[in-house]
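Hydrogens, waters and symmetry mates are skipped; everything else that's a heavy atom, side chains included, is used. Residue numbers start from 1 in every chain, and the chains themselves are labelled A, B, ... in the order their sequence lines are given, proteins ahead of strands.
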Amino acid sequence: MSTAAVNQKLWEQNATPKHRIQWCPGCGDFGVLNALKAALARLELMPHDVLLVGGIGCSGQIRNYLNGNAFHGTHGGALAYALGAKMANPALTVIALAGDGDTLAIGIENFVHVCRRDPAVTLLIMNNGVYGLTKGQKSPTHGLGMPQGVSTEEDPPFVDPLRLALVCGASFVAQTFSGDPKHSADVLVEALRHPGFAVINDFSPCVTYNKFNTYDWYKEHVEHLPKDHDPADMQAAWRLLDEFDRKGKLPLGVVYRHPRQRTAHQRLPLWDEELADVDPEPMLRLFR
Amino acid sequence: MVVNNLKLLVGGVQLRDGVTTVTDILGKMFVRAGLHVLAMEKGYASTIYGAHQYDPMVVSATPPLSYGDDRSDILVALEFDTNPDAPIQPNRDTILRHGKNLVDGGVLLYDSTTGTVDTGDLERRGVKVFPLPARQIALRELKREVVKNTVVTGALLRLLEFDMDLALFRQYLEERFGRKGKDIVELNLEAARRGRAVIEEVLRTNGWHDVGYRLVPQPTTGRAVLLNGNDALSMGAILAGCRFYAGYPITPASAILEFMEAHLPRYGGRALQGQNERESIRAAIGAALAGVRSAVGSSGPGISLKVEEFGVAGVTETPVVIIDTQRAGPSTGMPTKPEQGDLAMAVFAGHGEIPRIVLAAGTIEECYTLAFEAFDLADKYQCPVFLLSDLTLADGRRDVPEEFFLKNRRPVVRHGLLREADLRQDGYRRYQITESGISPRNVPGVPGGIFKSSGSEHDEQGMITTDPPKRKAMVEKRMRKMQTYLKEDAKPPLVFGTPDGAVLLVGWGSTRLPLLDAQARLRAEGLETCVVHFTHLWPFPTHLVRPLLQRGKDIIVVEQNYAGQLADLIQQECLLPTRRILKYNGRPFYTSDITGGVRQLLTNGTRVVRVGDRAPAVVLETVPEGD
Ligand SMILES: Cc1ncc(C[n+]2csc(CCOP(=O)(O)OP(=O)(O)O)c2C)c(N)n1
Ligand code: SF4
């Protein structure tokens, strides 16, 4: 057995047993789960060093389907909890796993600003174009690939998470497809190695409520990035998105990666002994 | 001649006239000289520039309890006319607003840069008037407008016959500006001397010997500081081990965020200015989840926006301290005016039910001591702990001996955080069902423990479940914490006086000192009262409170809100009838409000008195008691 295989096992302990996973058979999120386990195993991360912050939605359930520390709070909150945890303990590998509704509707306030803040957190958007858990209402990414009528207040055009992330200053922007878990795992590995905020838009078909963006539809519409694309070139990233749009294709791969290297913060003092013997003098001096 | 006892009010245009520069310097000098200072109502506006600002201050030989009423002995008006021909003279704003509350025979000092003001009315009441062209002196004679406030300071020191040789003032300046250079010290001293000279001149031309008030240094037992509740709370939080603080700017809580941003890094911590209220509390929860003592601070509207996260902290059993420096609501209400309107929110807000602890500071000192308690309780009970302050405390300043802070400091003890060695045994359960309701707590990153946590209902392992017996057991486990708290940590209200057969004056928050002041004054009038003041409000310590309140004759709850939120809690928990003195006009409680209210309640048998200007003094309850 290779080390990677052993590790993959490690990621299946402490998790909700396979037979109790509550996704519909065929849900794209299974592919995401496999890719995530593969990436974590490949990076040889230990489950106790990883914090998985889930969103609220079918997608967010993923955090309990593999080993590792896991937390989820409110709808739209994943990124902000992740930010606080990462600020407190930069040694943790912090991954936010949330749906498109969670990230781009109710959680967009957090999304926009976490892109700007650029913490070393990875966000995997499990994008299915609908609100799965609440039974199929339109999410902000709804309408991908459908003929665009005249947009109305009720039915505005869909949000493109890649463009939004770029505009908001995300330093790593990538796209993948859960029907191609090998590619997803490769992208995740890169994202987890990135020293800043990494956004991955992972197309993860909802077989129950999104009858348009099916596996077959995606297979027809996704296309890997050209080999010569330079992800460090922001202008090239924008050009690329436009070109793919024109072709009617969805790019798979790392669209943009800021070349910056950053030094991580220190872990915040936590244990009694780290908090002892604090000198109040500099504070008292202010009030004399 | 009144020695070491006076009430001073400095007023002017916000941001332009440097009202608090003057009161801050004076206050600190008085404290250095062993006098006691209380400045509990910082009147300011939520518009930035041009609004009226005032800062009343009591200076006395013994620690003052409250401003008493809204009368002042000395009024300082820092405004000057930008346009002397304007029909309404702006330099009269302070005089118009506060002149009527100046005592007969008091003192008025005002900036006369653009001419003198007609003060005939005041003079007829024996007020001694001192026109001082402070700005003109600063600008024309000293070529530095900034020293206008020092001119005023010098004048006031002379008026009060305090620090006549400016020795204390020199010492203060040298400590403050010594590093910036001798020139600044000398310039300020010169400005103070010029202010002093103007006063000498006015005294001489009027043939006055003095103004009737004098301050004399007193021996001190040790150094004291002059600070407000936000300062004390921030300092307490840092010493209590808080290393992550998040906030979104809001009056009057912003000052805590600013303090934390300035000081936390020195102690290895970090402060985060969230991009909105929800990011702030979520980040604080994230940091707490990672094991750090973490707090989020805000005021009314910001707390409302965080309500969804109260449940997250409660159900995931994440210890987070939520600071609410209350201000007048609802909605944006009056951002710079005090009220105690958020008690019900702290106790009840949120969907579903969670364990929570609510503490409220009653004094500046308690903002410090309760900060330690809040973080300890959060750690121990793994639930949100609310620490309520209010605008009066948050901004009000008072001298506190430095000794107090050193003596009341406690070592940080992280209750029950598991370490690697504790996690060796198999089958760690984050939400283990225990008798106390408290489960062993692991933080992510410690080998041997995997932390599965969820805002959805979960089993002992943290895995989501809706299984009825598991749900029931988990709800009960969480709520049992409150029983444990009531047994081990709940504190009865503070009691001042003997409750037996007495009229009980019950309060919480910043009403403490006015209540004690009222108690003293009522005693002088022959009415013995007992002050009962709450710091630990939820879970309500019924077993400690009910027997206590029953011993009194009449329970009069004094609160700064319309409904009487504490009174309602008492009625709900103790099944005892309460009477109420309520104030909600945006001014803090004055002693006179309380003494007047008590007299009205006791003489005409009403149940509710609503005090404060223009509010009806007495509201007869339309619903008859009983049937
Ligand atoms: C404040 C709040 N509003 C609404 C909901 C209901 N809700 C649960 S999941 C969800 C949307 C999930 O959609 P998405 O994030 O796209 O994830 P998916 O289920 O499609 O994976 C909503 C609206 C909630 N839990 N909390
Ligand atoms: S509803 Fe859609 S997203 Fe949810 S589990 Fe089923 S297929 Fe997956």
*Hey, are E274(A) and R414(B) close enough for a salt bridge, meaning a charged N less than 4.0 Å from a carboxylate O?*
no
*Taking atom CZ of F451(B) and atom NE2 of H48(A), what is their separation to the nearest 0.5 Å?*
15.0 Å
*Option that, when pairs with chain A are counted at under 4.5 Å, heavy atom only, ranks first among T318(B), I285(B), V315(B), L264(B)*: I285(B)
*Do E281(A) and R223(B) sit within salt-bridge range, that is, some charged N less than 4.0 Å from a carboxylate O?*
no
*NZ/NE/NH1/NH2 to OD/OE distance under 4.0 Å, E402(B) and R288(A)*: yes
*Side chain, backbone, both or neither: which part of D279(A) has a non-hydrogen atom closer than 4.5 Å to chain B?*
backbone
*Which atoms of Q22(A) approach chain B - backbone, side chain, both or neither, heavy atom under 4.5 Å*: neither
*Is it the side chain or the backbone of A15(A) that comes within 4.5 Å of chain B heavy atoms, both, or neither?*
backbone
*Give, as side chain, backbone, both or neither, the part of L51(A) having an atom under 4.5 angstrom from any heavy atom of chain B.*
side chain
*Sort out for me which of R116(A), H113(A), Q13(A), H72(A) touches chain B most, counting heavy-atom pairs under 4.5 Å.*
H72(A)
*Report the C-alpha separation of T74(A) and R278(B) in whole Å, then their side-chain angles, then the decisive distance to 0.1 Å, and conclude whether the side chain to side chain donor-acceptor pair (under 3.5 Å) test is met.*
CA-CA 10 Å; T74(A) 47; R278(B) 299 200 298 176; over 6 Å; no
*Proximal component of L79(A), with respect to chain B [non-hydrogen, under 4.5 Å]*: neither
*Do R397(B) and F287(A) have side chains that get closer than 4.5 Å, going by heavy atoms?*
no
_Let's test your reading of the structure: which of G84(A), A88(A), G76(A), P280(A) forms the most heavy-atom pairs below 4.5 Å with chain B?_
G84(A)
*So how far is it from M87(A) CE to L272(B) CG, rounded to the nearest 0.5 Å?*
4.5 Å
*asked:* Measuring from atom CG of L284(A) to atom CG of L227(B), what distance do you get when rounded to the nearest 0.5 angstrom?
replied: 8.5 Å
*Pick from L268(A), V53(A), N89(A): which one has the most heavy-atom pairs with chain B under 4.5 Å?*
L268(A)
*By a 4.5 Å heavy-atom criterion (distance strictly below it), what part of R63(A) contacts chain B: side chain, backbone, both, or neither?*
both
*Over 12 foreign heavy atoms within 6.0 Å of CD, E174(B)*: yes
*P47(A), P269(A), A276(A): which one forms the most heavy-atom pairs within less than 4.5 Å of chain B?*
P269(A)
*Of the backbone (N, CA, C, O) and the side chain (C-beta and beyond), which part of I238(B) lies under 4.5 Å from a heavy atom of chain A, both, or neither?*
side chain
